[in-house]
Amino acid sequence: MDSHDTNLLGTVHGGVVMKLVDSVAGVVAARHSNGPAVTAALDEMAFLVPVRVGDVVHVNSQVNWAGRSSMEIGVQVLADRWDESVPPVRVATAYLAFVATDADGAPRPVPPVLPETPEDERRYREAQIRREHRLAKRRAILDSRARAVTPSVGPPVVPRNGHSG
Ligand SMILES: CC(=O)SCCNC(=O)CCNC(=O)[C@H](O)C(C)(C)COP(=O)(O)OP(=O)(O)OC[C@H]1O[C@@H](n2cnc3c(N)ncnc32)[C@H](O)[C@@H]1OP(=O)(O)O
């Protein structure tokens, strides 16, 4: 990372890290699905440690889960100093939803994810948990909006003294 990548605090801008994350996740999604894939959502992104000018950034990524046309891509960002031999530090993690698309930009089917190791199985299970939570949150918000616009149809509530207001 160099001085072009910094924010007003002098550390590397979160958006620079996010762009790297999105780009690498896009490559992984395209390779898994054998064709183009677009970012549908950034499900979760955690910035754990500031990245500094002079850090060498490494991005690891894998497909955690796949549905019919969507995939969850997990990304881990590590950094070490360009001029020191020190172990890389984990600086950010992210989970992104990608959707494989055809020539018209419409969703197309993707191959399943077949976990091979206990670590793969853990990632697969946790991706399903994130998906269930995302769908449940969406349903709850839609229900809440529907309730907010539905006029009350029941009889007016009359207090015990017989006066309604
Ligand atoms: C690499 C890049 O930089 S791409 C640039 C940034 N990204 C874009 O421009 C993408 C713009 N968005 C789109 O083109 C469309 O919304 C698409 C292709 C993502 C989805 O198209 P839709 O017609 O809405 O898809 P549809 O509702 O049929 O859902 C298709 C799949 O996407 C999933 N999906 C759609 N939206 C989301 C979302 N916000 N989060 C997670 N998954 C999603 C669905 O769950 C479904 O998954 P499944 O097939 O595995 O069951």
Side-chain angles (χ1 to χ4, degrees), residues 1-9 11-53 55-80 88 90-150:
M1 293 288 145
D2 65 28
S3 56
H4 295 102
D5 301 316
T6 55
N7 56 34
L8 294 176
L9 301 173
T11 57
V12 170
H13 201 290
V16 171
V17 179
M18 288 170 86
K19 186 176 176 194
L20 268 177
V21 163
D22 191 29
S23 301
V24 173
V27 170
V28 169
R31 287 184 181 176
H32 179 79
S33 64
N34 301 308
V38 294
T39 320
L42 177 57
D43 225 9
E44 204 176 300
M45 171 115 202
F47 295 96
L48 308 171
V49 177
V51 180
R52 297 163 297 164
V53 169
D55 280 353
V56 177
V57 171
H58 313 253
V59 185
N60 300 328
S61 179
Q62 72 288 318
V63 184
N64 289 338
W65 174 91
R68 196 191 66 81
S69 67
S70 66
M71 298 158 274
E72 186 196 88
I73 314 294
V75 183
Q76 188 179 58
V77 186
L78 306 161
D80 52 13
R90 198 161 61 130
V91 294
T93 56
Y95 301 99
L96 299 91
F98 269 74
V99 177
T101 49
D102 63 18
D104 299 320
R108 65 181 170 86
V110 296
V113 166
L114 305 171
E116 288 176 3
T117 66
E119 188 69 2
D120 293 344
E121 282 165 11
R122 179 188 65 76
R123 288 183 174 135
Y124 191 93
R125 280 195 310 274
E126 293 176 7
Q128 283 180 311
I129 293 170
R130 277 185 290 274
R131 178 179 162 85
E132 283 158 18
H133 278 232
R134 188 177 63 241
L135 294 174
K137 187 170 76 178
R138 181 169 165 72
R139 273 195 305 274
I141 288 172
L142 291 176
D143 286 353
S144 158
R145 287 183 186 174
R147 277 198 304 276
V149 296
T150 306

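Ligands are counted one by one from 1 in listed order, and the atoms in each one are counted from 1 as well.
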Task: Atoms of ligand 1 close to Gly67 [distance to a heavy atom under 4.0 angstrom, numbered from 1] - done: 50 (O)

Task: Atoms in ligand 1 flagged as close to Ala40, the criterion being non-hydrogen separation under 4.0 Å - done: 19 (C), 37 (C), 39 (N)

Task: Protein heavy atom under 4.0 Å of atom 8 (C) of ligand 1 - done: yes

Open item on the list: Salt bridge or not between Glu119 and Arg122? Use side-chain N to carboxylate O under 4.0 Å.
Closed with: yes

Open item on the list: Does the protein place a non-hydrogen atom closer than 4.0 angstrom to atom 30 (C) of ligand 1?
Closed with: yes

Open item on the list: Please list the nearest protein heavy atom to atom 14 (O) of ligand 1 with its residue and the distance rounded to 0.1 Å.
Closed with: Val38 CG2, 4.3 Å

Task: Nearest neighbour in protein (non-hydrogen) for atom 50 (O) of ligand 1 - done: Ser70 OG, 2.6 Å

Open item on the list: So for atom CD, which belongs to Glu116, do other residues, nucleotides or ligands contribute more than 12 heavy atoms lying within a distance under 6.0 Å?
Closed with: no

- [ ] Considering heavy atoms of the protein only, find what lies nearest to atom 45 (O) of ligand 1 and give residue, atom and distance to 0.1 Å.
- [x] Arg131 NH1, 3.7 Å

TODO: Of the side chain and backbone of Arg138, name the one, both, or neither that has a heavy atom under 4.0 Å from an atom of ligand 1.
DONE: neither

Open item on the list: Do the side chains of Arg52 and Asp55 get close enough for a salt bridge, i.e. N-O under 4.0 angstrom?
Closed with: yes

Task: Minimum-distance pair of heavy atoms, taken over all atoms of Ala25 and Phe98 - done: CB-CE1, 3.6 Å

TODO: Look at atom 40 (N) of ligand 1 and say which protein heavy atom is nearest, naming residue and atom and giving the distance to 0.1 Å.
DONE: Ala41 CB, 3.5 Å

Open item on the list: Please list, in number order, the atoms of ligand 1 under 4.0 Å from a heavy atom of Arg134.
Closed with: 40 (N), 41 (C), 42 (N)

TODO: Return yes when at least one protein heavy atom is under 4.0 Å from atom 16 (O) of ligand 1, and no when none is.
DONE: no

Task: Residue and atom name of the nearest protein heavy atom (relative to atom 25 (O) of ligand 1), distance in Å to one decimal - done: Pro107 CG, 3.5 Å

Task: Residue and atom name of the nearest protein heavy atom (relative to atom 49 (O) of ligand 1), distance in Å to one decimal - done: Ser69 OG, 2.7 Å

TODO: Answer yes or no: is there an ion pair linking Arg131 with Glu72, defined by an N-O contact shorter than 4.0 Å?
DONE: no

Task: Donor + acceptor pair across side chains of Gln62, Asn60 (<3.5 Å) - done: no

Task: Side chain proximity check, Pro115 to Arg123, heavy atoms < 4.5 angstrom - done: no

Open item on the list: For atom 1 (C) of ligand 1, which of the options Val99, Leu135, Leu96, Thr39 provides the nearest non-hydrogen atom?
Closed with: Thr39

